[in-house]
Amino acid sequence: MEIKRTITIGSEEETRNFGLALADELAAGDVLALIGDLGTGKTALTRYIAEGLGIKTRVNSPTFTIVKEYREGRLPLFHFDVYRVSDTEELFNIGCDEYFYGDGVCVVEWADLIEEILPENTRHIYIEYGEKEGERIYKCSF
């Protein structure tokens, strides 16, 4: 995957600003793959993307349900956490194709685990810990 830009995020406020700006760019059918270690802020970034889409409901990790739907914003948001998916067939059973090619935006946490079934035009953000406390490095494919 080619990295087109690298962004250093130094605070929660910068995470929020990035998420809000990204939400403005998103359109129906966009899939965003978030890849990073536990605690790097995948859910926090998703929360700010949701806010940018006008979603008022608090976004939490859908760890035990695979996908949560939020439909009250400018676009529907489908928030996936595939950490516990052992076989991609599980995703097809819940209709992942309909989500990925549907009328909303999909954000997929731990997307590297299901890379082979993601749409070709998926946008990737690799999130890494930075050198300073609370710092994150976003490596974006877009």
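- Distance check: Cys140 SG to Arg123 CZ gives 10.0 Å after rounding to the nearest 0.5 Å.
- Under the side chain to side chain donor-acceptor pair (under 3.5 Å) criterion, the residue pairs touching residues 100-113 are Thr43-Glu109, His79-Glu109, with sequence neighbours excluded.
- At a threshold of 4.5 Å between side-chain heavy atoms, the hydrophobic network of Ile, Leu, Val, Met, Phe, Trp and Tyr places Ile66 and Val59 in two separate groups.
- Contact check for Glu51 versus Lys56: no side-chain heavy atoms found under the 4.5 Å cut-off.
- Shown here are the ring pair (Phe, Tyr, Trp, His ring centres under 6.0 Å) partners of Tyr138, two or more places apart in sequence or in another chain: Phe18.
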In a table with atom names and distances, give each donor-acceptor pair under 3.5 Å that connects a side chain of residues 88-97 to protein atoms at least two apart or in another chain.
residue, atom, partner, partner atom, Å
Glu90, OE2, Ser86, N, 2.9
Glu90, OE2, Ser86, OG, 3.0
Glu90, OE2, Asp87, N, 3.4
Asn93, ND2, Glu89, O, 3.4

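- Val107 and Tyr126 fall into different hydrophobic clusters, defined by Ile, Leu, Val, Met, Phe, Trp and Tyr side-chain heavy atoms under 4.5 Å apart, directly or through other members.
- Hydrophobic clustering keeps Ile9 apart from Leu20 (ILVMFWY residues linked when any side-chain heavy atoms are closer than 4.5 Å, directly or through intermediates).
- Annotation: Tyr99 is in aromatic contact with Phe80 [ring centroid separation under 6.0 Å].
- Side-chain contact between Ile7 and Arg5 is present, with heavy atoms from C-beta onward closer than 4.5 Å.
- Tyr48 and Leu53 are not part of a single hydrophobic cluster, where members link through side-chain heavy atoms under 4.5 Å apart.
- In the hydrophobic clustering of ILVMFWY residues, with side-chain heavy atoms under 4.5 Å counting as a link, Val105 and Val108 come out apart.
- Residue pairs satisfying the salt bridge (charged side-chain N to carboxylate O under 4.0 Å, His left out) criterion with at least one member in residues 125-137, sequence neighbours excluded, are listed as follows: Glu128-Lys139.
- Taken to the nearest 0.5 Å, the CG atom of Leu118 stands 8.0 Å off from the CD atom of Glu116.
- With hydrogens and angles left out, the side-chain atoms of Glu2 and His124 include no donor and acceptor closer than 3.5 Å.
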Can you list, pair by pair, the side-chain donor-acceptor contacts under 3.5 Å of residues 24-38, counting residues two or more places apart and other chains?
residue, atom, partner, partner atom, Å
Asp30, OD2, Ala27, N, 2.7

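- Taking CG of Asp81 as the reference point, atom CG of Leu113 lies at 9.5 Å (rounded to 0.5 Å).
- Cluster partners of Ile137 are absent, since no Ile, Leu, Val, Met, Phe, Trp or Tyr has side-chain heavy atoms less than 4.5 Å from it.
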